[in-house]
2 protein chains.
Amino acid sequence: MLRAKQTLPKKTLSKRTLSMPTIKDVALAAGCSTATVSRALANPEKVSEATRQRVAHAIAEVGYVPNVAARNLRRAESRTIVTLLPDISNPFFSEIINGMEEVAHQAGYQVLIGDCERDPGRAEAYFNLLPTNQADGIILLTSDIPRALVSHADARADAPLVMACEFFSDVDLPTVAIDNYQASAHAIDYLASLGHARIASVSGPVGNPICRERTRGYHDALAARGLSNSARVVEGDFGFRSGYQQGMTLLDGMEPRPSAIFCHSDEMAIGVLKAARQLGIGVPEELSVVGFDNIGFSEYCEPELTTVSQPRHEIGQQAMRMLLSLLAGEAVVRRQTLSTQLIVRKSTGRPAA
Amino acid sequence: MLRAKQTLPKKTLSKRTLSMPTIKDVALAAGCSTATVSRALANPEKVSEATRQRVAHAIAEVGYVPNVAARNLRRAESRTIVTLLPDISNPFFSEIINGMEEVAHQAGYQVLIGDCERDPGRAEAYFNLLPTNQADGIILLTSDIPRALVSHADARADAPLVMACEFFSDVDLPTVAIDNYQASAHAIDYLASLGHARIASVSGPVGNPICRERTRGYHDALAARGLSNSARVVEGDFGFRSGYQQGMTLLDGMEPRPSAIFCHSDEMAIGVLKAARQLGIGVPEELSVVGFDNIGFSEYCEPELTTVSQPRHEIGQQAMRMLLSLLAGEAVVRRQTLSTQLIVRKSTGRPAA
DNA sequence: CGCCAGAATGTAAAGCTTTACACCAGAGCG
DNA sequence: CGCTCTGGTGTAAAGCTTTACATTCTGGCG
C-alpha cells in the first residue's frame, strides 16, 4: 500500500518529517532574541508584558514545544525521579506509586520505576543515573540494596535520597514511614484482648529492619501480657507461597498449635489461610489470622482478612514531596511517621474454648 | 552535625561536587581527538586496535562516563520506551512489564510506565513525549485512549507504536496478543463438556475489542453446542467489586440460575466466588467459575481458580522486540498470536444433578 | 543637565556529544 | 612513478536551550 513518498532520498526522516520548530523560530516570529523567548517562558516577570504577549502568540503560531533534552542538558537536571522497589508485581506498591506520581507530575517531574527484583546489580544501575543527571533523585521502597550505594549519603544532608516504608538500621536517610513497632504491638494487643494466648508470627525477611521492628513490637506486646513464653516467629518472604509453607509449619507441626497468627504481609496471611483450609482448621473459630498492608485481595479472600492498613497513597505523596523539597534545597523534616489502622474483618475472633 | 564545608561560597554544588570528566578529558588523556574517543565507543571497528586500547585506558583512568543527555540530544533519541496501561495496580500487567524491561534493558533502553488510570488526558501527555524525542516509542496495553492519538499511525507503517494484549477495531497497529476468540471458546467448550447447560459470562467493558472477541467466542461455542438460548452476558470492569456485584446479579436474581460463569478476568471471578459464598452457593458443586489471566492470587483463593493463562512474560518480551525492530527500521510481523492455556483447578466441576 | 538605577533586551558562550567532511599516509596497481 | 583507494584520524559544526554579561534606554533625582 506504500503511498507516494517512495521517491525519498534514502530512509531518513522516519521521525520528524518536518523538524520541529525551535526557540529560534519563535524568536524570529516574535521579533526578539532567543534569550527573551527563553525568559518569557522560564521567568515571565523579567519580560515586559507586551513582549510576553508577542512571544505567546509566536509560540502558538509556529507550534513550538521546548526540547526537553536540550533544556535538561543545559540545566544539568532530568526532572526524573527513580523509585526503587523490590518487586513491581506486589500490589502493595502500586498505590504508593500512584501517590508519588500525583505530586511528581504536578511539579513537572517524571517517575521512573526501578524494579530490583532481588538483583542488587539493578539497584546499582539505577543509582548510576544520579551522577550523570539522568535522574535527579531516588525514592527507596526497599532496604534490600548494596549498602555501599547509600552509606555515604547520610553525611551529605542534602543527598537526593528518601526512603519510604522501609529504613536502614545504620544509615540515616530522610524517611516517611509508619511506626512498625506500634502497629505490630497494636495488632498483637488486639489478638490478646480477644483472649488469644498462643500467638505466632510469620515475619518477613529477618534481615529487614521493618520486620525487626514489627517483631520487636510483637515480643513486647506479648511480654506486656505475660505471654512471652508462647512466642514463636518464623520467617517468610512476604509472598503467598512462603505464607502457605510457614502456615503449614506452624499449624501442622506444632503442639500446642497457635490460636492466632500475625503475618507481616497480606499475601503471607492469605497463604496461611490456605494452609489452615487444607488442614481443616476453621478460621476464625479455631484460628485467627492478621495480615499487614490491606491490599485489594484482603477483602475478597475467605474469610475476609483482618489487617493493618497503611496510608499508602499518602506515603507516596509525602515521600515525593520530601524529595522535591530536598532538591529545592529546602529544609525537611527528616522523619515523618504516618498512622496505621487495624481493619477488623472476618479472619479474627475469640479463640475456641 | 554539619561538618566542615560550612565555609562554602553560597549554596552552589549541591550536585557534582567535582564536575564529571567529559569526553574532552578522555581525549586529552588518550592523546587523540574527541571524535576518536566517540568513535572508539560507538563504532570500535572504525578505530585502530592501538587507539582503542589507549582510549579504554584513558576512560578508566579519568573515570569517564558518557553524558546521556548530550548524546540523546545530538542523536535525537531518548532510549526510552513508554508503556501505557490502564491501571498499574492490576497485577496482570506486572509480569508483562517485567518481560518488556528484560529485553529493553538488554538493548540499552529504559521503560517508562505510564499509568492512564482512566484519565484520557494522561495518555495524550505521554504521546506528546514522542515528537519531542523524550520517548522513542510506545507500547499500548490498553485500547482505552482517545482514538485521535493513534488514528493516523497505521498509515505510517513504521510509527513506533505497538499494541500488546489489546487491539483497536478500526486502527491496524502491530500487535502481539492471544487469540481471545479461541481462548474464550475453549473455556466455554470445557464447561459444556462437563455438562453445563446454563453458562453465563461476566464480560469486561463491552466497548473493549478483546472483550467483544471473547464474547463472540462465548456465543459461538454455545451455539455449537446448541446452548445459545441460555446465553447471558453481563458487564464488569475487570475489578473485584464489579465481579462481586455482577455475580450477585447473576446468582441472586436469575431463574433458573446459571450453573457456570465465565469471567473476563480473575479479579472478577474472585468477586463472583465471594458472591457465591455469600449466597451459600457451593463452588464447584453448585456453580463452576472460570477466570482469565492466571494472576498470582488465583492459586490462593477458595476454591483455587480455574482460569485461562496468558504467556504474560512472553507477551511483554515480544512486544518490546517488535517495537525495537520497528525503531531499527526492520520489517516486522505485524500480528503475533501467542497461545493460551486453560488451567484447571478447583473452581470447576460437573454440574449438580 | 548629568548621573545613576533599574528594567528590558541582545550577544554569545556553555553544556557534551556525534558526525559530516577534510585530511593524510600507506598500499596496491597500472 | 603516479594514481586511486582505504583506513585512521582531526576539525568543527550541529543539536537546542539557558544564562552570564553587555548593552540600551528610561525615568528620577540631585
Side-chain angles (χ1 to χ4, degrees), chain A residues 9-10 12-13 15-16 18-55 58-59 62-79 108 131-134 136, chain B residues 9-10 12-13 15-16 18-55 58-59 62-79 108 131-134 136:
Chain A
K10 206 66 198 270
T12 347
L13 79 160
K15 47 177 62 172
R16 294 155 135 274
L18 241 37
S19 65
M20 305 234 44
T22 76
I23 200 171
K24 254 185 195 161
D25 302 311
V26 178
L28 208 64
C32 65
S33 74
T34 61
T36 301
V37 176
S38 178
R39 275 189 290 252
L41 288 171
N43 311 85
E45 76 283 2
K46 292 192 174 178
V47 158
S48 77
E49 175 60 23
T51 315
R52 215 178 309 155
Q53 299 271 344
R54 259 182 307 133
V55 169
I59 287 178
V62 305
Y64 170 68
V65 23
N67 180 316
V68 183
R71 168 180 302 171
N72 290 346
L73 172 59
R74 176 62 224 232
R75 291 205 184 144
E77 66 177 14
S78 63
R79 297 247 135 194
T132 48
N133 295 323
Q134 289 177 88
D136 295 344
Chain B
K10 203 71 200 267
T12 348
L13 81 159
K15 44 178 64 170
R16 292 154 137 273
L18 239 39
S19 65
M20 305 234 42
T22 77
I23 200 172
K24 254 185 195 161
D25 303 312
V26 178
L28 208 66
C32 66
S33 74
T34 60
T36 301
V37 177
S38 178
R39 276 188 290 253
L41 289 171
N43 310 86
E45 78 282 3
K46 292 193 174 178
V47 157
S48 76
E49 175 60 23
T51 316
R52 216 178 309 156
Q53 299 271 343
R54 259 183 307 133
V55 169
I59 287 177
V62 306
Y64 170 69
V65 25
N67 181 316
V68 183
R71 167 181 303 171
N72 289 347
L73 170 60
R74 175 63 224 231
R75 290 206 186 145
E77 65 176 16
S78 64
R79 297 248 135 190
T132 48
N133 294 323
Q134 289 177 87
D136 295 344

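Letters go in sequence order (proteins before strands), and every chain restarts at 1.
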Given C:dT9, is OP1 or OP2 found less than 4.0 Å from the side-chain N or O atoms of A:Thr51? yes
Working to the nearest 0.5 angstrom, can you tell me the gap between B:Arg71 CZ and B:Arg74 CZ? 13.0 Å
Quick one: label B:Ser38 by what it contacts on the DNA or RNA (base, sugar-phosphate, nothing), any heavy atom closer than 4.0 Å. base
Would you say A:Asp25's side chain and A:Thr22's backbone share a donor-acceptor pair under 3.5 angstrom? yes
Residue B:Leu73, side-chain heavy atoms: nucleotide from D:dG10, D:dC16, C:dT9 that is nearest: D:dC16
Does B:Arg39 contact D:dG10 through a side-chain donor or acceptor facing the base, at a distance under 3.5 Å? yes
Rounded to the Å, how far apart are B:Glu49 CD and D:dG8 P? 10 Å
Which nucleotide in D:dA12, D:dC16, D:dT18 has an atom nearest any side-chain atom of B:Ala35: D:dA12
Measuring from the side chain of A:Arg74 (C-beta onward, heavy atoms only), which nucleotide among D:dG8, C:dA8, D:dT17 has the closest atom? D:dT17
In whole Å, I'd like the distance from the CG atom of B:Leu41 to the P atom of C:dT17. 10 Å
Measure CE/B:Met20 against C1'/C:dC16 and give the value in whole Å, please. 13 Å
Per-helix bend value, the helix from C:dC1-D:dG30 to C:dG30-D:dC1, C1' rotation axes over five pairs per end, 10° rounding, shows 60°
Tell me which of A:Val65 and B:Arg54 sits closer to the 5' end of DNA chain D, going by the nucleotide each one is nearest to. B:Arg54
Would you mind reading off the distance between A:Ile23 atom CD1 and C:dA12 atom P, rounded to a whole angstrom? 17 Å
Indicate whether OP1 or OP2 belonging to C:dG10 is found under 4.0 Å from a side-chain N or O atom of A:Thr36. yes
Nearest whole Å is fine: how far is D:dG10 P from B:Leu28 CG? 12 Å
A:Asn133 atom CG is separated from C:dA14 atom C1', nearest whole Å, by 15 Å
Contact under 4.0 Å: A:Thr34 side-chain N or O vs D:dT17 OP1/OP2: no
Between A:Asp136 (side chain only) and A:Ser78 (backbone N and O only), is there a donor and an acceptor less than 3.5 Å apart? yes
Nearest atoms (heavy-atom pairs only) where B:Ala58 meets B:Ala29: CB-CB, 3.8 Å
Nucleotide nearest B:Ala70 when distance is taken to its side chain, options C:dT17, D:dG10, C:dG10: C:dT17
Could you check which of D:dG8, D:dT17, C:dG10 has an atom nearest any side-chain atom of A:Cys32? C:dG10
Are A:Val55 and A:Ile59 close enough, and set up right, to give a side-chain contact (heavy atoms from CB on, under 4.5 Å), and what steps lead you there? CA-CA 6 Å; A:Val55 169; A:Ile59 287 178; 3.9 Å; yes
How many whole angstroms separate atom CG of B:Asn67 from atom P of C:dA14? 17 Å
Rounded distance (Å) that lies between atom P of C:dT19 and atom CG of B:Asn72: 12 Å
Closest-nucleotide ordering on DNA chain D, the 5'-leading residue of A:Ala42 and B:Gly31: B:Gly31
Among C:dC16, C:dG10, D:dT9, which nucleotide sits nearest the side chain of B:Thr22? C:dC16
Grab the two heavy atoms, one from B:Ala27 and one from B:Ser33, that are nearest each other, plus how far apart they are. CB-C, 3.7 Å
Can you tell which of C:dT17, C:dT19, C:dC16 lies closest to the side chain of B:Tyr64? C:dT17
Nearest 0.5 Å, please: how far is CG in B:Leu73 from CG in A:Asn67? 6.0 Å
Side-chain atoms of B:Pro66 come closest, of D:dG10, C:dT17, D:dT19, to C:dT17
Is the shortest heavy-atom distance from the side chain of A:Pro21 to the side chain of A:Val26 under 4.5 Å? no
